[in-house]
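Single-structure report; data block below.
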Amino acid sequence: MDDPSTFPIVLSLQIAALSLLIVAPPALVIAWVQARRRYRLRSVVDAIILLPLVLPPSVVGFFLIVLLGRKGPVGEVLESLFGVRLVFTPAAAVIASSLVALPLIVKTVQPAIEAVPIELEHVGRSLGLSPLALFRRVTLPAAWRGIVAGLVLGFARALGEFGATLMFAGNIPGKTNTMPLEIFAAYQAGDDARAMLYVVVLTAISVAVVFAASRLNVRLEGR
Amino acid sequence: MPTSLRWLSAGVLVILLGGCGRGAEQGPATPNAPPTVAAAASMRSAMPSLIEAFGQPVTVTYGGSGTLMRQVEGGAPIDVVLFAAASPVDDLVAMGLADGATRCKVASNELVLIGSQDSPALTWQTLTELPVTERLAIGEPAAVPAGAYAKDALMQLGSWAALQDRVVYAGDVAAVLAYARRGEVAAAAVYSTDLHGVEDVRVLDRARWEGAPTPEVVGAAVTPSPSGRAFLEFVAAPAGASILARYGFGPK
């Protein structure tokens with residue numbers, strides 16, 4: 001942690017892991033609702049969830065700053081009530097990463113849940129299982145490959161978040177300089193060797209993630 | 001070696017007096033297309049007026065001088081550079097990517113310390129009194145000249161070590177200004193010219209002590225494009241200087 005060159009690697013992994021921890025439960029619930037429920041605003045919810053995936057990161061970053069910045073409606077309340085300031089903190093990086101990871105998880109998990117025969121859930125429910133138990137004992141065992149694939153992809157997306165993080169969390173060496181930010185700063189500074197270190201690390205992780213996700217999905221389709 | 005020294009200074013003088021844009025012509029790369037100028041973010045306010053007065057179409061791309069330098073290095077189709085410091089221009093000249101004969105100082109600038117309306121009244125000298133929960137925004141020193149000047153200033157004043165943990169870095173001076181305007185930081189280091197038409201920030205202090213860093217705008221031609229060179233000459237000439245002065249730039 002004390003070595004300035006390993007700090008961005010450790011920080012990025014921590015931020016991505018924390019983002020995944022925060023975003024996985026709501027993402028799974030949303031994926032389940034979108035897969036199983038037919039309600040009036042379903043397509044609207046679908047579009048809203050997809051937004052962070054299709055919007056430029058700068059737009060996501062802008063929204064976050066306008067909303068959660070010190071002069072933003074939410075940011076102002078947070079600071080005056082709790083003394084919490086989000087901008088330029090690792091927490092801001094976690095929020096940005098969580099937001100962009102969410103749609104990727106939902107969109108990967110949703111088809112996996114849809115592929116689970118709904119009769120199984122009906123049976124489970126008729127046996128008196130609570131929604132949580134139903135998920136844990138029926139949906140999860142049947143759809144776990146797709147769920148793990150979604151979480152792995154979400155982790156990778158969180159790890160690679162750049163644009164919104166730069167705007168919202170800023171670049172503070174030793175505090176918010178994640179690997180993508182460090183690559184950008186090092187490139188700008190002409191320090192290609194330093195950039196290459198993180199390029200290699202991020203590429204290796206991404207290759208592993210894509211490989212894992214595709215294997216999980218291939219097996220899912222083969223069932 | 002007084003003779004050779006004299007020759008050397010004579011040579012330097014020739015280069016200095018050579019003026020802007022009068023380098024060796026090797027034939028234009030793109031004869032009829034408007035020249036592309038890579039200008040430091042700090043030139044953003046003045047550029048439209050300069051181009052209008054120049055009277056011919058000019059394409060501009062803005063960014064941190066370090067970023068733009070990397071783009072030229074990477075082969076971006078840029079004819080002229082106008083950077084906020086001498087070093088990125090000199091680096092390009094040293095790499096053989098810009099014509100050293102056209103390199104010239106265009107204007108000077110001033111480093112100012114700004115804050116939002118509710119920032120504490122700090123000066124360059126008392127900046128270390130910045131509350132520990134507050135932040136100082138500067139440009140990424142290795143890539144943004146304004147950040148390098150700010151870091152130099154703080155190192156000169158002996159306060160860099162104490163402030164280092166409270167600094168947030170931005171990719172160009174426009175982003176530094178944006179942080180200050182939104183009140184996300186209590187203090188920020190920008191150029192006085194960045195404040196042209198900006199009313200929601202407060203000038204806390206100007207870097208005017210003896211030996212304070214003096215930012216400069218330096219240009220050079222990258223390609224032999226005659227219209228690009230003509231534009232650089234125009235900017236460095238009195239007509240360009242008077243426009244730059246209107247936007248708060250100092251004499252070269």
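To find a chain, count down the sequence lines: A is the first, B the second, and so on, and within it residues start at 1.
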Basic-acidic side-chain contact under 4.0 Å: A/Glu114, A/Arg37: no

Under 4.5 Å from any heavy atom of chain A - which part of B/Val168: both

Donor-acceptor side-chain pairing of B/Gln117 and B/Asp200 below 3.5 angstrom: no

Side-chain donor-acceptor contact under 3.5 Å, A/Thr203 with A/Ser206: no

Interface residues of residues 47-68 of chain A facing chain B - non-hydrogen atoms under 4.5 Å apart: A/Ile65

Contact summary for B/Trp160 and B/Met155, nearest pair of heavy atoms: CB-CG, 3.5 Å

Residue among B/Arg166, B/Glu140, B/Arg135 with most heavy-atom pairs under 4.5 Å to chain A: B/Arg135

Residues of residues 72-102 of chain A with any heavy atom under 4.5 Å of a heavy atom in chain B: A/Arg85, A/Val87, A/Phe88

Pair B/Asn109, B/Thr193: side-chain N/O donor-acceptor within cut-off below 3.5 Å: yes

Steps toward side-chain contact (heavy atoms from CB on, under 4.5 Å) verdict (B/Arg229, B/Thr223): CA-CA 9 Å; B/Arg229 283 163 190 245; B/Thr223 68; over 6 Å; no

Top of A/Gly190, A/Gly174, A/Ala186 for chain B proximity - count of heavy-atom pairs under 4.5 angstrom: A/Gly190

Per-residue contact mode, A/Asn177 against chain B (heavy atom under 4.5 angstrom): neither

A/Lys107/A/Asp46 ion pair, N-O < 4.0 Å: yes

Heavy-atom closest pair, residues B/Thr128 and B/Ala162: CG2-CB, 3.9 Å

Considering all heavy atoms, the nearest A/Arg36-A/Ile113 contact: NH2-O, 3.1 Å

Under 4.5 Å from any heavy atom of chain B - which part of A/Leu181: neither

Intermediate values then yes/no, side chain to side chain donor-acceptor pair (under 3.5 Å), B/Glu110 and B/Tyr149: CA-CA 10 Å; B/Glu110 188 178 46; B/Tyr149 291 127; over 6 Å; no

Verdict with reasoning, B/Glu216 to B/Lys105, per salt bridge (Lys or Arg N to Asp or Glu O under 4.0 Å): CA-CA 7 Å; B/Glu216 48 188 8; B/Lys105 185 174 169 186; 3.5 Å; yes

Carboxylate-amine/guanidinium proximity below 4.0 Å for B/Arg70 and A/Asp192: yes

